[in-house]
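In listed order, ligands and their atoms are each counted from 1. Throughout, numbering of the chain's residues begins at 1 and tracks the sequence.
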Amino acid sequence: MHKLAVYPGSFDPITNGHIDIIKRGLRVIDELIIVVSYNPNKTALFSVEERIDMIREVIGDDPRVKIDSFSGLIVDYARKANADVILRGLRAMSEFEYEFQLALINRRLDRDIETMFLMTGYKWFYTSSHIIKEAASFGGSVKGLVPDLIIKKLQEKYSK
Ligand code: ADP
């Protein structure tokens with residue numbers, strides 16, 4: 001059976017941790033929609049369009065992957081897209097409680113959609129968009145944690 005997953009996140013910007021989850025996710029699901037979730041009341045470093053463009057560039061042409069944006073409840077998006085699965089990645093233990101709550105509320109909102117977690121690759125245990133931005137904003141090297149293209153985009157932002 002064809003399985004479709006949505007992978008929601010802020011992706012501000014996409015990191016090697018996200019890419020790892022996307023690649024490994026595609027080994028068990030057939031089609032993936034990467035959903036750039038945004039909150040109009042929160043400021044991000046990159047605009048939604050910039051984030052989508054960066055994801056498109058680093059993922060390349062893959063007929064199994066679509067990229068979209070959404071603001072609201074991810075179960076609503078998943079239901080409309082006819083998705084079977086919400087894909088999430090898990091890093092440190094500190095994330096577990098929040099992700100657990102989120103998975104339970106999403107299941108309560110729609111019992112037909114399962115949340116699926118993949119453990120982070122050990123290399124990306126401490127990689128988050130937040131920490132990448134923090135390091136890059138002070139001129140620290142984030143090489144190896146994000147694709148080179150993203151390093152360039154971060155440098156452009158912070159040199160302004
Ligand atoms: P971040 O916390 O880096 O801003 P997002 O909000 O964009 O990330 O996260 C989207 C999803 O990707 C979440 O499920 C998050 O746990 C997962 N994720 C983010 N970074 C990693 C990583 N380094 N390893 C595994 N999963 C990750």
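Using a 4.0 Å cut-off between heavy atoms, Arg88 contacts ligand 1 through both its backbone and its side chain.
Of all protein heavy atoms, the one lying nearest to atom 20 (N) of ligand 1 is Arg91 NH1, 3.1 Å. The nearest protein atom to atom 8 (O) of ligand 1, hydrogens excluded, is given as His18 NE2, 3.2 Å; this is a heavy-atom distance.
Residue-environment remark: CZ (Phe100) stays at or below the threshold of 12 foreign heavy atoms within 6.0 Å.
Atom numbering of ligand 1 starts at 1 in the shown order; those under 4.0 Å from a heavy atom of Ser129 are 1 (P), 3 (O), 4 (O). Annotation for ligand 1: atoms under 4.0 Å from non-hydrogen atoms of Gly9 are 7 (O), 10 (C). Taking every non-hydrogen atom of Ser128 and a distance limit under 4.0 Å, the qualifying atoms of ligand 1 come out as 3 (O). Atom numbering of ligand 1 starts at 1 in the shown order; those under 4.0 Å from a heavy atom of Gly89 are 14 (O), 15 (C), 16 (O), 17 (C), 26 (N). Set against the non-hydrogen atoms of Ser10, the atoms of ligand 1 under 4.0 Å away are 4 (O), 5 (P), 6 (O), 7 (O). Close approach of ligand 1 to Glu99 (heavy-atom distance below 4.0 Å) involves ligand atoms 14 (O), 16 (O). For ligand 1 and Pro8, the ligand atoms under 4.0 Å from any heavy atom of the residue are 10 (C), 11 (C). Of all the atoms in ligand 1, the ones that sit under 4.0 Å from a non-hydrogen atom of Ile21 are 25 (C), 26 (N).
Note on residues 138-152: pairs passing salt bridge (charged side-chain N to carboxylate O under 4.0 Å, His left out), not counting sequence neighbours, are Lys143-Asp148.
Side-chain atoms of Arg56 do not come within 3.5 Å of backbone N or O of Ile67 as any donor-acceptor pair. One N or O on the side chain of Arg88 and one on the backbone of Pro8 form a donor-acceptor pair closer than 3.5 Å.
A donor atom on one side chain and an acceptor atom on the other are found under 3.5 Å apart for Tyr77 and Asp68.
Note on ligand 1: Met119 sits outside its first shell, no heavy atom being nearer than 4.0 Å. Judged by the shortest distance from any of its heavy atoms, Glu95 lies inside the 4.0 Å radius around the atoms of ligand 1.
Here Lys153 pairs with nothing under the side chain to side chain donor-acceptor pair (under 3.5 Å) rule; sequence neighbours left out.
The heavy atom nearest to atom 17 (C) of ligand 1, out of those in Tyr7, Tyr122, Phe11, Tyr126, is found in Tyr7.
Ligand 1 has a nitrogen or oxygen under 3.5 angstrom from a nitrogen or oxygen of Thr120.
Between Ile55 and the options Ile150, Ile14, Ile19, a side chain to side chain contact (heavy atoms under 4.5 Å, CB included) holds for only Ile14.
Between Ser129 and Thr15, the shortest heavy-atom distance links the atoms OG-CG2, 3.8 Å.
Atom CG of Asn39 and atom OG of Ser71 lie 6.0 Å apart (nearest 0.5 Å).
Between Tyr126 and Tyr122, the ring centre distance reaches or exceeds 6.0 Å.
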